[in-house]
2 protein chains.
Amino acid sequence: MKITFKGDYALKAILDLALHYDSGELVTSFDLSQRIDAPIKFLEQVLLELKKGGFIESRRGNIGGYRLARVPGQITVGDIVRLVDGPSEPIACVNKDYSNCADIKKCIFKGIWQKVDQATSGIIDHITFEDLASQISINQKVLSYSI
Amino acid sequence: MKITFKGDYALKAILDLALHYDSGELVTSFDLSQRIDAPIKFLEQVLLELKKGGFIESRRGNIGGYRLARVPGQITVGDIVRLVDGPSEPIACVNKDYSNCADIKKCIFKGIWQKVDQATSGIIDHITFEDLASQISINQKVLSYSI
DNA sequence: ACATATCCGATGGGATAAGTAGGAAAGAGG
DNA sequence: CCTCTTTCCTACTTATCCCATCGGATATGT
């Protein structure tokens, strides 16, 4: 599992949209890029990818923008990372068919990477953006108390 | 965690040396490259890195070669992967100091990658090349029985 | 001396990451 | 219809890494 800037932007964008989900309003790529600190033209490409992946929907033109295509509770971190940054497995051979592998020494590490992949998936596939959004609002309350 | 060819070669080379550890003999880069199916000149670079990392030692000249610098039970998969392919964390910010992070939304994913890193480390740091070598010898016995 | 190995630096092709740039297409308001 | 806004789409750039390949320098046993 390797997270690129693209993946990082995608996660932050989805989180921001999750925070605006209840309002029902559209969020522009400009506003998004400001809040998550991403170059707007690069972010546009990411948003397009997220749209094609079915996670967000958009409206063009004046008062256009983006919003989540699903409830935040039905989008996981793993969903977004896999779409944008590819599969979570650490090496290519994990999900390939190596049944005809000539030498066991060449395959003995496969089991290790499978375990790593399962452990990773066990984490990222069980965290939804509803979880993250609620974490944020809790933290913001604490913050406003401490101030 | 991303495993490159270099890391894959390194792991296989260490495993091969672990299998030859009891004999006390040196293994040449040529023999290694044949058995683990790696280009010899590339493998040489990897072996040099492993030597500088303190995992193998070498002797030059005629009847030279490589052998493990430690007992196989004291070298883990994590040791080798970290040396050759870098740290196991999925994104750079995990071990950096983000205590002065302005916006919580920019940091909320950090905890996730820390968990992923811990889970990964929990696997690769507890598998030694003694474990792997014994797995191989067991499998080879089964194989010789079935033939 | 000679054959054999490791050691070491330089170089290059290909892929990927991370943006930049420019404009086409769609939609709202006047 | 015109204009402004915003998404959509493609192409290009720049840098970095990956995966080697090559040529030779250095060490070592016979």
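Computed from heavy atoms alone, side chains included, the values below leave out hydrogens, waters and symmetry copies.
- Lys51(B) meets the side chain to side chain donor-acceptor pair (under 3.5 Å) test with Ser58(B); sequence neighbours excluded.
- Pairs engaging residues 22-49 of chain A under the ring-ring contact (aromatic ring centres under 6.0 Å, His included) rule: Tyr9(A)-Phe42(A) [sequence neighbours left out].
- Protein atom NZ of Lys51(B) is 11 Å distant from nucleotide atom P of dT6(C), rounded to whole Å.
- For Ala10(A), the side-chain contact (heavy atoms from CB on, under 4.5 Å) test picks out Val46(A), Leu50(A), Ile80(A), Val84(A), with sequence neighbours left out.
- Residue-to-nucleotide proximity on DNA chain C shows that, of Leu47(B) and Lys6(A), the 5′-proximal contact is made by Leu47(B).
- In terms of heavy atoms, Arg70(B) sits closest to Tyr21(B) at O-CE1, 3.5 Å.
- A nucleotide of DNA chain D counts as in contact with chain B when one of its atoms lies under 4.0 Å from a heavy atom; the first and last such, 5' to 3', are dC19(D) to dG29(D).
- Residue Phe42(A) is classed as a base contact, given a heavy-atom separation below 4.0 Å to a base.
- Taking Ala119(A) as the reference, Ala119(B), Ile123(B) meet the side-chain contact (heavy atoms from CB on, under 4.5 Å) condition, with sequence neighbours excluded.
- Checking the phosphate oxygens (OP1, OP2) of dT6(C), no side-chain nitrogen or oxygen of Ser58(B) falls inside 4.0 Å.
- Rounded to whole angstrom, the span from the CD atom of Glu25(B) across to the C1' atom of dA5(C) amounts to 16 Å.
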Polar atom pairs (N or O), protein with nucleotides 28-30 of chain C, under 3.5 Å:
none

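- If you measure from atom OH of Tyr66(A) to atom P of dG27(C), you get 14 Å, rounded to the nearest angstrom.
- Rounded to an integer number of Å, the gap from CG of Leu50(B) to C1' of dT6(C) is 14 Å.
- Within the nucleic acid shown, Phe30(B) has no heavy atom closer than 4.0 Å to any nucleic acid atom.
- Residue pairs meeting the salt bridge (Lys or Arg N to Asp or Glu O under 4.0 Å) criterion with at least one partner in residues 56-68 of chain B, sequence neighbours excluded, are Glu57(B)-Arg67(B).
- By the side chain to side chain donor-acceptor pair (under 3.5 Å) test, Arg82(A) is found to be paired with Ser121(A), Asp125(A), residues two or more places apart in sequence or in another chain being considered.
- Between the side chains of Thr76(A) and Asp79(A), at least one donor N or O lies within less than 3.5 Å of an accepting N or O.
- At whole-Å resolution of the value, NZ in Lys2(B) and C1' in dA15(C) are 10 Å apart.
- Scanning for side chain to side chain donor-acceptor pair (under 3.5 Å) contacts around Thr128(A) gives Asp131(A), with sequence neighbours left out.
- Hydrophobic cluster of Leu26(A): no remaining members, since no ILVMFWY side chain lies below 4.5 Å from it.
- A search for side chain to side chain donor-acceptor pair (under 3.5 Å) contacts involving Gln74(A) returns nothing, not counting sequence neighbours.
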Can you pull every protein N or O that's under 3.5 Å from an N or O on nucleotides 8-10 of chain C?
none

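- Phosphate proximity of dT4(C) to Thr28(B): absent, as no side-chain N or O sits under 4.0 Å from OP1 or OP2.
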